[in-house]
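Given the structure is predicted, the values throughout are model-derived calculations rather than measurements.
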Amino acid sequence: MPSRGLTVRVNRRPAELDLGRLTDGTLVVVAITYGLLLVLAGGLGLVGLIARIFVPLSVCRYAYEVLSHVARGRKMIPAPGLETMNPVGNFGLVLHFIFFGGLAVLFATSPLLGSGPGAALVSAAGLTAVAVAFPASATVIALTGDLGEAFDPRNGAEIVRAIGVRRYGAILAIGAALVFVPSWLAGAVLPAAAARALTAPVQIWAWLAVFALIGAAVRSRRDVIEIPGEAEPEEERSERDRHRAWQTYLDRAYASIRSGLVDEGYRTIRQLLDEAGMTDEVHEWVLDHMLAWEDRTHGFAFANRCIGRLLESGRAPAAVELAARCASLDRRFRPDPGVARVLAEHARSVGRHALADELAKGLPQAPG
C-alpha cells in the first residue's frame, strides 16, 4: 500500500478478534461524560448550541484515536486529553468524518434524490457504499494521518483484502447492531425520562465501540498488516528471539553438512533439540527449515525421525499427515520400512487408500 508507513506483509498467525475492547472502562466513562454534557447543553441557550456542535466533533476526533490505540495493541485506551478534545487540532480527521457523515445525510434525507422506488434504490445504494467504505478509510487515516491516502479507494480495498471479506462483512454487521440496537432498546424498555437521559451516552458509547471494533479487526490481522508504532505482543517477541537462537544452530549445522562434515552437522542439530527442550515446536521448526534446504535428503531423514517420534507417542494421524506432506514434496520420499507399514495400515483405516498404496510401495508382502 502506498500510504505512509502502513504496509502489507506476510506472517504466520492471525489473532482472534478481541471484542472485549468494546467494553473498555475508559470508553464507558468517556461516553457517560460526553453524553451528560450533551444532555446539559440542551438547556444552556447559545452556549448549549455551541457545545452541541463541538462535543460531537470532539467525540469523533477521539474515536479515531481509539481506533489507532486498539489497532496498535495498546493495552490501555487513554482518556481524551486537551489535544484530543480539540476538534480542530487535527482537522484532517474532522474533515474525514464530515465528508462521510455528509454523504450519509445526503443519501438518507436529501430532497435532490426525489421520491419513488428509484430514489429509494439510490438512497439505499449510497448509504451501503458509505457504510462499506468508511471503516477501511477510517483505518488508513487513523494510522497514517494522511487524508489523501484515506480517500484513495485502492488503499481501502487493500485494507478490506487484508482483513478478509468475510470478517469485514462481520464488522459491518456488528457495527450496525451497535449503532442501532442499544438506542432502540433504551427507548423501548426504559421510561421516557430515563430514555432521554441515557440516549446520548449510549449513542456515544456505540460510536466509540464501532471504532474500537474496527481497530480490533485491524489488530486481529496484524499478520498481514504492518502497523507503524504497533506494540508487539510479548509472546511474539519471545518466539522471535527463540527462533533467532535456533537459526544460529541450524545455520552452523547446514554449513557443516555442506562442507562434508555430516556427523558434526547432525550433532549440532541434536544440541539444538536438547537445549530447546525436545518439544513439538522445535521439531516442527527444524523440519520446516531442513525441508527448505536445496538437498532435501537430510530433511527427509529428520522427517523419518519425527514420524517415529509421533508414532511412539500414539499420534498416528499426525504421523500420516507428516508422511503425506513429505511425499507431496518429493515422490521419492519413503519412510523406514517398519514405519511405512504402520503408516499405510493407518491411512487405509481412515479411507486414504491412495496414500496407503503409495506408502506400501516396495514393502515385502506380509506372509499369509
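- For the pair H283 and L273, the minimum side-chain heavy-atom distance is below 4.5 Å.
- Considering CG of L147 and CD1 of I141, their distance stands at 4.5 Å, rounded to 0.5 Å.
- Looking only at side-chain heavy atoms (C-beta outward), D241 and R244 come within less than 4.5 Å of each other.
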Which donor-acceptor pairs under 3.5 Å do the side chains of residues 127-136 make with protein atoms, sequence neighbours left out?
{"from": "T128", "atom 1": "OG1", "to": "A124", "atom 2": "O", "distance (Å)": "2.8"}

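- Under the 3.5 Å distance criterion, the side-chain polar atoms of R219 are left unmatched by any main-chain donor or acceptor of V70.
- Looking at every heavy atom in both residues, L208 comes nearest to V66 through O-CG1, 4.1 Å.
- Remark: the backbone N or O of I77 is paired with a side-chain donor or acceptor of T26 at under 3.5 angstrom.
- Side-chain rings of Y254 and H289 stay apart, their centers remaining 6.0 Å or farther from each other.
- Taken from OH in Y266 to CZ in R305, the straight-line distance is 11.0 Å, to the nearest 0.5 Å.
- For V94 against L57, the heavy-atom pair with the smallest separation is CG1-CD2, 4.0 Å.
- Put simply, CG on D263 and OG1 on T268 are 11.0 Å apart, with the number rounded to the nearest 0.5 Å.
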- Task: Could you give me the CA-CA distance, side-chain angles and deciding distance for F100 and H96, then say whether ring pair (Phe, Tyr, Trp, His ring centres under 6.0 Å) is met?
- Result: CA-CA 6 Å; F100 278 95; H96 186 269; 4.8 Å; yes
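- Closest approach of G299 and L287 over heavy atoms only: O-CD1, 3.5 Å.
- No option in L37, I32, L38 other than L37 meets the side chain to side chain contact (heavy atoms under 4.5 Å, CB included) test with Y34.
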- Task: Show your reasoning for whether side-chain contact (heavy atoms from CB on, under 4.5 Å) applies to L291 and F302.
- Result: CA-CA 9 Å; L291 289 177; F302 188 76; over 6 Å; no
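- Ring centroids of Y64 and F97 are separated by 6.0 Å or more, keeping the two rings apart.
- Two residues are said to be in side-chain contact when any heavy atoms from C-beta on lie closer than 4.5 Å; W207 and C60 meet this criterion.
- Considering only heavy atoms from C-beta on, I269 comes within 4.5 Å of M290 through its side chain.
- Evaluation of the salt bridge (charged side-chain N to carboxylate O under 4.0 Å, His left out) test over residues 268-283, restricted to residues two or more places apart or in two chains, returns R242-E281, R270-D274, D280-R309, D280-R315.
- Two residues are said to be in side-chain contact when any heavy atoms from C-beta on lie closer than 4.5 Å; L22 and L27 fail this criterion.
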- side-chain contact (heavy atoms from CB on, under 4.5 Å) between V30 and V59, worked out: CA-CA 9 Å; V30 169; V59 170; over 6 Å; no
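- Put simply, CG on L272 and CZ on R252 are 9.5 Å apart, with the number rounded to the nearest 0.5 Å.
- Ring geometry, W246 versus H243: the interplanar angle falls from 30° to 60°, so the pair is classed tilted.
- In this structure a side-chain-to-backbone donor-acceptor pair under 3.5 Å is missing from T109 to L106.
- Between the side chain of N155 and the backbone N or O of A150, no donor-acceptor pair lies under 3.5 Å.
- Looking at S68, its side chain never comes within 3.5 Å of a backbone N or O of L143 through a donor-acceptor pair.
- Summarising the geometry, atom CG belonging to L310 is positioned 7.5 Å from atom CD1 belonging to I307; distances are rounded to the nearest 0.5 Å.
- One side chain, S220 or R167, offers a donor N or O that lies under 3.5 Å from an acceptor on the other.
- Inter-residue side-chain proximity for R348 and E345 is flagged as unmet; no heavy-atom pair is nearer than 4.5 Å.
- With rounding to the nearest 0.5 angstrom, the CD1 atom of I159 is 14.0 Å from the CZ atom of R154.
- Not one N or O on the side chain of S58 forms a donor-acceptor pair closer than 3.5 Å with the backbone of V55.
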- Step by step, would you call F211 with Y62 a side-chain contact (heavy atoms from CB on, under 4.5 Å)? CA-CA 10 Å; F211 276 76; Y62 177 63; over 6 Å; no
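- Looking at T144, its side chain does come within 3.5 Å of a backbone N or O of D146 through a donor-acceptor pair.
- Every salt bridge (charged side-chain N to carboxylate O under 4.0 Å, His left out) that D288 has, sequence neighbours left out, goes to R325.
- Looking only at side-chain heavy atoms (C-beta outward), Y168 and R221 stay at 4.5 Å or farther from each other.
- A 4.5 Å side-chain heavy-atom check between I257 and W293 finds at least one atom pair inside the cut-off.
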